[in-house]
Amino acid sequence: MLNKERNVEHFNSIGKGHFPDLLGIRVTHIEEGKLHGEMPVKAALFAPNGYLHAGSIITFADTIAGYSTMAHLPEKARSFTTIELKSNFLGAKKDGKLHCECIAEHLGRTTHVWRAIVKDPDTGKKIALFSCTQLIIY
C-alpha cells in the first residue's frame, strides 16, 4: 500500500547530498504500484568510450526501485535492502535526460519485486530494462 507521506518532495529531499543527487536523479511522479523519475544525461556520467556509463544507468534504475520500495513499505517495516538485481541494456543516449518508470511486480510482506524501464523521453526508445528483489526489514 502506498505511503502518502512519502511523496515526490520527500524523495527529492532525502536524496540531496547523496549519490542520487550527485547524478541528478529526481522523482517526478508516484502512484499506487508505480514511481517515475528522471536523470540528466551529462558528460560526467560517460565512460571513456564516449557513452553513458552502464553504472550510471543501473544507479538510476536502482535508486528509483529503492524509492519505490520505500513508498510501498508494509506497515511496521523499517527499511529494505536489495538482494538481487538484473539489467539489460538496449540502447544509448548522449544528451538530454532519461526517464525511468518503476512498476511493482510483487509487493509482499518479506520481499518486493520491481521492474524498471529506462527510456529516452524524447523518442520513447528503451535504453535499459532492470529488475530487482528487495528484502523488507522489520
Side-chain angles (χ1 to χ4, degrees):
M1 175 174 283
L2 182 62
N3 180 334
K4 304 269 192 243
E5 294 174 12
R6 295 191 171 168
N7 56 28
V8 170
E9 294 79 22
H10 168 77
F11 289 109
N12 290 334
S13 69
I14 65 168
K16 287 195 187 305
H18 298 283
F19 195 36
D21 188 39
L22 185 65
L23 273 64
I25 297 169
R26 299 287 174 262
V27 173
T28 58
H29 178 77
I30 303 172
E31 63 184 90
E32 187 68 43
K34 287 186 184 179
L35 192 138
H36 297 251
E38 63 185 24
M39 181 181 80
V41 176
K42 50 190 176 183
L45 303 180
F46 285 19
N49 67 0
Y51 290 94
L52 195 58
H53 194 288
S56 65
I57 298 169
I58 291 170
T59 298
F60 178 37
D62 187 53
T63 298
I64 298 302
Y67 288 167
S68 298
T69 302
M70 290 173 70
H72 293 82
L73 283 174
E75 189 177 340
K76 298 185 182 175
R78 278 189 310 117
S79 192
F80 74 95
T81 190
T82 304
I83 57 174
E84 184 271 340
L85 62 83
K86 173 156 179 25
S87 296
N88 294 99
F89 300 98
L90 310 172
K93 185 164 171 75
K94 294 187 127 191
D95 59 13
K97 64 183 172 182
L98 293 175
H99 177 265
C100 181
E101 177 183 37
C102 195
I103 303 157
E105 296 291 345
H106 170 73
L107 294 176
R109 289 193 37 75
T110 57
T111 60
H112 284 186
V113 177
W114 293 92
R115 178 173 40 93
I117 302 166
V118 177
K119 289 185 180 181
D120 177 339
D122 299 324
T123 65
K125 179 181 170 186
K126 291 179 185 173
I127 303 298
L129 302 176
F130 175 91
S131 64
C132 67
T133 303
Q134 313 285 33
L135 178 67
I136 307 301
I137 299 170
Y138 289 88

Asker: What do you reckon, is CZ of F19 surrounded by more than 12 foreign heavy atoms closer than 6.0 Å?
Answerer: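 Count not over threshold, so no.
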
Asker: Find the distance between CD1 (I64) and CD (E38) and round it off to the nearest 0.5 Å.
Answerer: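 The distance works out to 9.0 Å.
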
Asker: Which distance, rounded to the nearest 0.5 Å, do you find between the CD1 of I57 and the SG of C100?
Answerer: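 Spacing of CD1 (I57) from SG (C100) equals 11.0 Å.
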
Asker: Rounded to the nearest 0.5 Å, what separates atom CG in L90 from atom CG in L129?
Answerer: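 L90 CG to L129 CG: 4.5 Å, rounded to 0.5 Å.
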
Asker: Quick check: closest heavy atoms across A92 and Y51, and the distance to 0.1 Å?
Answerer: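 Closest heavy-atom pair between A92 and Y51: CB-CD2, 3.8 Å.
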
Asker: Please check if the side chain of K93 supplies one atom and the backbone of D95 the other of a donor-acceptor pair under 3.5 Å.
Answerer: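 Checking the backbone N and O of D95 against the side chain of K93, a donor-acceptor pair under 3.5 Å is found.
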
Asker: Is there side-chain contact between L98 and L52, with at least one heavy-atom pair below 4.5 Å?
Answerer: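 Of all side-chain heavy-atom pairs linking L52 with L98, at least one is under 4.5 Å.
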
Asker: Atom OG of S68 and atom CZ of F11: how far apart are they, to the nearest 0.5 Å?
Answerer: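 Here the rounded value is 8.0 Å.
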
Asker: Would you indicate whether the side-chain heavy atoms of P121 and K97 approach each other to under 4.5 Å?
Answerer: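 Heavy-atom side-chain distance check passes, below 4.5 Å.
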
Asker: For the residue pair F130 and A65, what are the closest heavy atoms and their distance?
Answerer: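 F130 and A65 have their closest heavy atoms at CE2-CB, 4.1 Å.
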
Asker: Under 6.0 Å from the NZ atom of K94, do we count more than 12 heavy atoms belonging to anything else shown?
Answerer: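 Atom NZ in K94 is crowded, with more than 12 foreign heavy atoms closer than 6.0 Å.
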
Asker: Crowded around K42 NZ? As in, over 12 foreign heavy atoms under 6.0 Å?
Answerer: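 Yes - once you tally the heavy atoms of other residues, nucleotides and ligands closer than 6.0 Å, there are more than 12.
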
Asker: If you look at every heavy atom in A61 and V118, which pair is closest and at what distance?
Answerer: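 Looking at all heavy atoms of both residues, the shortest contact is CB-CG2, 4.1 Å.
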
Asker: Can you tell me if E32 uses its side chain to pair, donor with acceptor, with the backbone of L2 under 3.5 Å?
Answerer: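 Answer holds: yes.
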
Asker: Grab the two heavy atoms, one from I25 and one from T59, that are nearest each other, plus how far apart they are.
Answerer: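 So the minimum-distance heavy-atom pair works out to CD1-O, 4.1 Å.
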
Asker: Quick one: CD on E105 to OG1 on T133, what's the gap to the nearest 0.5 Å?
Answerer: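 Answer for the CD-OG1 pair, E105 versus T133, is 10.5 Å.
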
Asker: Are any of the side-chain heavy atoms of W114 and L107 separated by less than 4.5 Å?
Answerer: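 Heavy-atom side-chain distance check passes, below 4.5 Å.
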
Asker: Does the pair T63 and M39 meet the rule for a side-chain contact (heavy atoms from CB on, under 4.5 Å), with working shown?
Answerer: CA-CA 11 Å; T63 298; M39 181 181 80; over 6 Å; no

Asker: Tell me whether H112 contacts the main-chain N or O of I136 through its side chain, where contact means a donor paired with an acceptor under 3.5 Å.
Answerer: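 A pair under 3.5 Å: no.
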
Asker: What are the two closest non-hydrogen atoms of Y138 and R109, and how far apart are they?
Answerer: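 Closest heavy-atom pair between Y138 and R109: OH-O, 2.7 Å.
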
Asker: If you define the side chain from C-beta out and look only at heavy atoms, does anything of I58 sit under 4.5 Å from F89?
Answerer: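 I58 vs F89: side chains touch.
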
Asker: Between A71 and I30, which heavy-atom pair has the shortest distance, and what is it?
Answerer: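 Looking at all heavy atoms of both residues, the shortest contact is CB-CG2, 4.5 Å.
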
Asker: Indicate yes or no: at least one non-hydrogen side-chain atom of R6 is less than 4.5 angstrom from one of L73.
Answerer: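 Yes. Closest side-chain heavy atoms under 4.5 Å.
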
Asker: For the CZ atom of R115 and the NZ atom of K34, what is their distance to the nearest 0.5 Å?
Answerer: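 Here the interatomic distance stands at 9.0 Å.
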
Asker: Return yes if some donor-acceptor pair links the side-chain N/O of H53 with the main-chain N/O of G55 below 3.5 Å, else return no.
Answerer: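 At least one qualifying donor-acceptor pair exists.
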
Asker: Please say whether more than 12 non-hydrogen atoms of neighbouring residues, nucleotides or ligands are located less than 6.0 Å from CZ in F46.
Answerer: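 More than 12 within 6.0 Å, yes.
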
Asker: Would the distance check show the side chain of N12 and the main-chain N or O of R26 forming a donor-acceptor pair, the cut-off being under 3.5 Å?
Answerer: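 Not confirmed, N12 side chain does not pair with R26 backbone.
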
Asker: Compute whether any side-chain donor of one residue and acceptor of the other, for E31 and H29, lie under 3.5 angstrom apart.
Answerer: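 Short answer, yes.
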
